[in-house]
Amino acid sequence: MQEPVFSYVPGASIIHRLDPRTKVTAVMLLGILTFRIDNFAGIVALFAFFFVLALLSGLPVKVFLRAVKPMMLFIFFIFLTQMFFTDGRPFASYWILQPSLEGLEKGLKLAARFIFLLLFAALLTASTDPSAITCGVERMVRPLPLRWLGISSFELATMMNISIAFFPLLFERVERTKAAQTARGMDFVKNPLRSIPALAIPLLRGIIRDAEELALAMEGRGYQGSRRTSIHELSMHKNDWRALFMLALFILFILIL
Amino acid sequence: MPIILENVSFSYSKKTPLETSALREINLRIEKGEFVGILGEKGAGKSTLTKLFNGIFKPETGIVRVDGLDPSSREAKRKIGMVFQQAADQLFCKTVYEEIAFGPLNFGYSKKETEQRVYEAIEAVSLDQTELSRDPFSLSGGEMQRVALASALALRPDYLVLDEPITGLDPIGKNDILKTLNRIKEKGTAVITVTHNLKGFFPLLEKIVLLREGRIAFQGSRESYLKKGFEPLPPIASMMKELGVRGLPVNLTVFTVEDALEEIMKLKSILGTDNNENK
Amino acid sequence: MIRLEKVSYSYPDGTPALENLNLVIKKGEFIGIIGKNGSGKSTLALQLSGLLKPQAGRVMIRGMDTRDPSKLPEIRKFVGIVFQNPETQFVGRTVEEDLAFGPENLCFSPMEIRKCVDMALAETGLEKYRHRSPKTLSGGQGQCSALAGVLAMRPECLIFDEVTSMLDPESGISVMEIIKKLHRKGKTIVYITHNLEELHDADRIIVMEKGKVMLEGEPKSIFSDISLKTLGFDLPSLIELAETLKTHGVIIPWEKTASPQSFAEEICQLFLKT
């Protein structure tokens with residue numbers, strides 16, 4: 001089985017040890033920053049910054065390649081459309097297509113932005129336990145008036161965790177139902193239209209039943225949807241404040257650049 | 001014509017680091033009308049074996065033939081009825097009737113023919129006609145299992161393959177299914193079942209296939225399985241084996257309470273002690 | 001410790017599940033509950049754990065009424081329940097996180113949570129699976145993990161609702177071993193099953209039928225009760241054999257019917273003694 005994209009790679013590097021809130025904040029800020037950068041110097045600086053972080057994290061290169069690879073085609077397509085459909089000085093001419101210099105520049109920048117987003121996201125998810133991320137997000141949104149939406153930040157976090165944990169079950173269920181239907185002469189290749197509802201209906205009913213059982217088990221273990229603590233110790237250390245301070249400096253530097 | 005497996009091997013997750021060999025060099029022959037039990041510990045490859053019978057899994061090496069046909073062919077699928085573990089995931093229609101009719105309709109039988117087959121199938125599993133309009137999901141575990149059985153039987157299979165059909169049922173549900181399976185077998189359909197429940201199934205089994213770490217450790221009649229002292233055994237047979245181990249002259253093929261009583265009384269008269277009366 | 005007083009409960013569709021039930025569970029007891037599907041066993045389990053409230057009568061758990069919402073956290077801490085299907089009891093991505101779920105709900109500090117988790121892992125022998133996803137565990141290990149998830153809350157009373165019915169015999173035995181160990185350590189156990197063999201060592205067995213207690217007593221007396229067979233239960237074969245042998249003058253003591261080995265041993269002793 002291949003490891004899914006954006007999965008967690010356990011480690012003990014300085015990046016791994018940062019508080020998830022620090023990392024989530026950093027990635028959000030850097031994400032915004034990538035779309036504010038408008039010159040190549042900034043891009044180079046951002047890449048250098050990423051490179052240092054990646055080195056510090058000690059994560060294998062394939063983690064990042066795996067994150068970018070599936071999107072490569074899409075990014076290349078964006079690059080091409082930018083290059084060909086931006087007005088400006090043409091540097092070549094193919095039939096009616098005239099790639100412009102401005103387009104080339106715009107295309108490269110946009111492609112770089114997307115790649116940065118993927119890289120930083122991969123850095124976050126690979127160096128942080130997913131439940132620590134949910135826990136961090138929970139803490140960050142706790143002051144928000146979510147109650148107006150009818151949920152609490154605790155419920156939100158639990159929901160995120162459970163969906164991560166519950167997902168693989170669905171596939172197994174579909175496989176089992178599919179096997180049963182094939183055995184009774186259902187042809188999934190010939191009847192694609194019939195097969196979708198034939199799988200979806202038992203799946204839905206199964207999920208509902210599973211969810212009822214799960215809810216009971218959760219309640220039995222004291223879940224009430226109200227305040228709860230977490231096994232993950234979230235405490236901002238000196239390193240977190242240092243990291244945030246350095247990040248602020250870096251952002252300032254880029255913006256001035 | 002039988003189900004034949006020749007030199008069959010099968011692995012999971014081929015060509016990945018997680019590749020695990022599930023079955024090795026399986027040679028097996030199952031005749032029409034037999035009642036076969038596939039036994040073995042968890043992970044021995046029992047469920048994998050059943051999935052080779054109807055082409056869900058394709059053998060890596062060797063061949064599988066159902067009455068001379070490729071098991072993934074439509075004709076072979078019609079000959080093999082499968083009932084998997086967890087009946088709840090095998091039911092997917094709005095009513096019991098639709099559920100049982102699903103197979104025959106898929107194989108293109110007319111509405112009339114299908115109806116006839118549905119009634120025949122519910123009779124075979126002793127479901128009441130009034131149940132036909134019910135929602136399969138509202139049934140009890142035992143009833144669901146019977147509907148799953150009926151759905152397989154509606155294709156009039158020559159072989160009925162089951163994976164742990166009585167696991168999770170209450171005693172009444174269990175005995176019900178056992179009786180039903182025996183009736184089905186009496187009517188000439190081969191019943192092939194994976195099971196851990198030896199107490200319930202042992203009296204029905206004619207042939208035993210014992211798997212151990214993906215290989216066949218034994219295949220043959222129930223009598224020779226008992227005589228040769230293979231395990232697992234139902235409790236009474238296990239006790240008889242223990243008596244044999246302790247040097248008592250016992251008949252190892254005994255596995256029912258009645259026969260065991262007879263054997264023990266025989267022992268008592270041979271050995272001639274009457275400790276109980278001394279006490 | 002747990003006391004049911006004239007408890008009645010009907011399913012939403014109106015069928016009665018429990019009728020006027022009285023029951024007392026004493027501290028440190030191992031109680032087996034048997035009954036057909038629909039006899040009210042599972043409803044009883046939910047009542048005992050405070051997950052369902054009685055429609056009439058009351059359930060008192062260590063003096064706390066389950067209908068009092070303010071007592072619920074205290075009740076949850078006191079009684080834990082494990083269900084049949086391990087898959088639908090997992091909430092965590094790893095075993096460790098799953099085990100932390102209960103203590104997290106009780107608002108323990110991260111340090112305390114770790115302690116609870118470590119203790120529960122040790123009790124169930126799951127230390128080496130700490131970082132595995134619970135979904136990748138085998139049925140037996142999965143059920144151990146579900147049990148550990150409840151143990152992490154350090155309950156004094158544990159309720160098991162058909163926890164071995166979906167497992168193979170070997171896994172079932174290993175789960176049973178853990179439960180017996182917990183009982184020896186002083187936990188109160190309520191064990192619901194269809195497999196009477198598992199109840200050989202129980203302190204008391206309750207037979208449920210149509211929402212009522214039909215029979216109640218020690219395993220020895222329950223298993224020799226003829227009405228058990230008419231209720232549709234299969235006696236464990238060895239006990240049935242011992243019972244029939246008794247009518248022929250061969251007496252096998254109750255303790256010896258626990259396993260084929262001890263049974264055979266006893267017969268050898270009876271017949272070979274000179």
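A, B, ... follow the sequence lines: proteins, then strands. Residue 1 opens every chain.
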Aromatic ring pairing B:F10/B:F57, orientation class (parallel under 30°, perpendicular over 60°, tilted between): parallel
Answer yes if the side chains of C:S42 and C:D161 hold a donor-acceptor pair under 3.5 Å, and no otherwise. yes
Contact origin within C:S259 toward chain B - heavy atom pairs under 4.5 Å: neither
What about the rings of C:F233 and C:F223, do their centers lie closer together than 6.0 Å? no
Select one option (side chain, backbone, both, neither) describing which atoms of B:L243 are under 4.5 Å from chain C's heavy atoms. both
Which of the residues C:G140, C:P169, C:G139, C:P236 is involved in the greatest number of heavy-atom pairs with chain B at under 4.5 angstrom? C:P169
When the 4.5 angstrom heavy-atom criterion is applied to B:K42 and chain C, the contacting part is both
Using only heavy-atom distances, determine whether the side chains of C:E19 and C:S8 contain a donor-acceptor pair under 3.5 Å. no
Toward chain B, the part of C:E170 with a non-hydrogen atom under 4.5 Å: side chain
Chain C contact via B:N175 - side chain, backbone, both or neither, heavy atoms under 4.5 Å: side chain
Side chain, backbone, both or neither: which part of C:E265 has an atom under 4.5 Å from a heavy atom of chain B? both
At a 4.5 Å cut-off on heavy atoms, which part of B:L169 comes close to chain C: side chain, backbone, both, or neither? backbone
Considering only heavy atoms, which portion of C:L231 lies under 4.5 Å from any heavy atom of chain B: side chain, backbone, both, or neither? backbone
With only heavy atoms counted, which part of B:E164 is less than 4.5 Å from chain C, the side chain, the backbone, both or neither? neither
Does the side chain of C:E198 pick up a donor-acceptor pair with the side chain of C:T164 at under 3.5 Å? yes
Side chain / backbone / both / neither for C:I239 at chain B, heavy atoms under 4.5 Å: neither
For C:E209, does the CD atom sit with more than 12 other heavy atoms under 6.0 Å from it, leaving out its own atoms? yes
Below 30° counts as parallel, above 60° as perpendicular, anything between as tilted: where do the rings of B:Y225 and B:F202 land? tilted
With a 3.5 Å distance limit and no angle check, can you tell me whether C:S171 reaches the backbone of C:L167 through a side-chain donor-acceptor pair? no
Note: vs chain B, highest number of non-hydrogen pairs under 4.5 angstrom among C:M166, C:Q84, C:E162 is C:M166
